[in-house]
A.B. asks: 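Handing you a structure now.
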Amino acid sequence: MHHLSASQLNEYLDNTLEATTREAVAEHLTSCTECRARLEEIRSIFGLLAELPESPLQHDLRSRILPRLRQKHSPSLNPFFAAQLGAALGTVLWLVVATSTLIQIPIVRLGFPEFQFPNADLLTLRLVSQAYFPSLLPNLIGSQFVIPDLSSILPHLPGLEGQLSVPHLALLIAGTLFVGLIGNAFLLSRSPQERK
Amino acid sequence: MSSRDERALVVRAVQGDHDAFNELVGLHQQAVFNVAYRVLGNVHDAEDAAQDTFIRAYQFMDKFDNSRPLAPWLKRIAVNVCLNRLEAQKPAAPLDDEMAQPLDPNPGPEGRLITKDRNERIRAEMKRLPPRYRAVIELRHFQDLSYEEAARELKRPVSDVKSDLFRARKLLAERLRDLK
């Protein structure tokens, strides 16, 4: 004789079997003492769990929850968010300064159709390599630094004659590094959970 | 309180009215605490979990279908909050039925803390079940959810939920045999 499976017994008690299956299970149970014993054992759990009384709450949770709600919705700026916002704004600011410095025209002229953006990477590389050249150092502070062959990489725009503001560019690089360093330092100072 | 009044409180809570939400907490804190206590088996943890449940409920209140009663929704959140806490407290209890020996029904002096009376025995054995077994027992036996509803709530296949439920019952039946 095939005995009923645990699944059949449980589903029989949960009343989830289809009508025909349920009838077959019921019929088997009338004649099989072993399956009936197994069924009763599972049924006993239903009774024990149903008997379990509710436990009275020792403390009123309202006094603890309300302050948490107020704290969560207070207008104070989250320091982590503030750092991210500051870094983003700083980056945008530096990009604006960089763009206007590199092409030496008012930023509004960027929309002109004849404008071609310079190869900024190449330009920065040349400036940095020349800035490290010791003989040129006196020219770097408060002056305009002339690069001889800029015509090949700069856009052809009136008023732009290969002159770039080196202090501006140096400031751009230093500023970007500074913002990045501060941002990373702040991230590292947070706990792993806060970083998520 | 009528269901109409409760719905009005929910509407106010969704609009950010803390006092309205506080009233809802007062109405349902006992039920939510009991869910947490059954699943976690510890009063202190259950109170913390109940608080977290209400905070989470407040955050997602605008997703709640206000044409339905609030209590079942809160209780289901409570189960998930408790499950998350238990999962975070791993290592979990052993899943293998053979590894889990029943508690001594007649404990000596060293076992007095575990079992004092019948209800404590049941709670103690519930607590010894793996977290996901406790969750399905709670959803099926105390919240009366179908297999499919419990599976949806736990984001798991129905077959897994049924398997866990049947194994949980088997373990409890074996361990609580002396209480029948």
Side-chain angles (χ1 to χ4, degrees), chain A residues 3-18 21-22 25 29 34-76 78 191-196, chain B residues 13 16 18-19 21-38 43-44 46-48 50-55 57-59 118-123 125-126 137-138 140-142 146-148 159 162-163 165-177 179-180:
Chain A
H3 289 296
L4 297 172
S5 67
S7 174
Q8 284 173 314
L9 290 171
N10 275 279
E11 295 209 36
Y12 179 78
L13 288 171
D14 283 327
N15 211 7
T16 54
L17 291 172
E18 286 180 15
T21 315
R22 185 172 176 79
V25 169
L29 286 168
E34 191 178 326
C35 286
R36 217 163 41 238
R38 286 167 60 216
L39 182 83
E40 289 311 314
E41 186 168 67
I42 302 169
R43 200 200 299 272
S44 69
I45 291 305
F46 283 61
L48 288 175
L49 293 175
E51 280 175 22
L52 204 60
E54 296 276 291
S55 299
L57 187 57
Q58 306 289 325
H59 306 97
D60 191 336
L61 300 179
R62 283 175 289 189
S63 57
R64 302 184 197 175
I65 291 171
L66 200 55
R68 284 179 67 183
L69 285 183
R70 289 191 177 128
Q71 194 183 0
K72 257 189 165 15
H73 294 85
S74 64
S76 64
N78 178 329
S191 68
Q193 200 173 0
E194 285 173 307
R195 262 181 266 161
K196 281 180 197 167
Chain B
H18 290 171
D19 293 333
F21 188 73
N22 218 25
E23 277 194 61
L24 292 171
V25 173
L27 288 171
H28 297 288
Q29 59 179 344
Q30 180 67 54
V32 168
F33 165 75
N34 267 288
V35 171
Y37 186 39
R38 280 192 295 267
V43 172
H44 183 259
E47 285 184 355
D48 284 350
Q51 286 182 57
D52 290 348
T53 299
F54 282 111
I55 297 295
Y58 184 79
Q59 288 167 339
R118 191 180 173 87
N119 293 331
E120 278 190 36
R121 272 291 307 285
I122 298 170
R123 287 192 192 281
E125 292 297 355
M126 283 271 285
I137 286 279
E138 169 62 32
R140 178 71 193 132
H141 282 268
F142 295 95
S146 67
Y147 301 145
E148 290 75 17
S159 57
K162 283 162 75 170
S163 163
L165 178 65
F166 303 162
R167 280 174 153 264
R169 284 173 179 165
K170 181 170 181 278
L171 278 176
L172 287 176
E174 286 169 0
R175 294 171 182 176
L176 296 170
R177 197 168 278 154
L179 291 187
K180 293 169 204 167

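The sequence lines fix the lettering, A, B, ..., with proteins before strands; numbering per chain opens at 1.
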A.B. asks: Decide yes or no for B:Gln59 and B:Ile55: does some side-chain heavy atom of the first lie under 4.5 Å from some side-chain heavy atom of the second?
C.D. replies: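 Sidechains of B:Ile55 and B:Gln59: in contact.
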A.B. asks: Could you tell me which non-hydrogen atom of A:Leu52 sits nearest to which non-hydrogen atom of B:Asn119, and how far apart they are?
C.D. replies: CD1-O, 3.8 Å
A.B. asks: Does any heavy atom of chain A fall under 4.5 Å from the side chain of B:Tyr37, the backbone, both, or neither of them?
C.D. replies: side chain
A.B. asks: Please identify, among B:Asn22, B:Val32, B:Val25, the residue contributing the most non-hydrogen atom pairs under 4.5 Å to chain A.
C.D. replies: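 Of the candidates given, the most pairs with chain A belong to B:Asn22.
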A.B. asks: Only counting residues at least two apart or in another chain, list the ones meeting salt bridge (Lys or Arg N to Asp or Glu O under 4.0 Å) with A:Arg64.
C.D. replies: B:Glu47
A.B. asks: Which one of A:Ile65, A:Ile42, A:Leu9 has the most heavy-atom pairs closer than 4.5 Å to chain B?
C.D. replies: A:Ile65
A.B. asks: For B:Glu174 and B:Arg169, indicate whether the former's side chain and the latter's backbone hold a donor-acceptor pair under 3.5 Å.
C.D. replies: no
A.B. asks: Given that the side chain runs from C-beta out, which part of A:Ser7 has a heavy atom under 4.5 Å from chain B: side chain, backbone, both or neither?
C.D. replies: both
A.B. asks: Could you tell me which residues satisfy ring-ring contact (aromatic ring centres under 6.0 Å, His included) with B:His28, sequence neighbours excluded, listed by chain and number?
C.D. replies: none
A.B. asks: Please classify the contact of B:Asn34 with chain A as side chain, backbone, both or neither, using a heavy-atom distance under 4.5 Å.
C.D. replies: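 Only the side chain of B:Asn34 comes within 4.5 Å of chain A.
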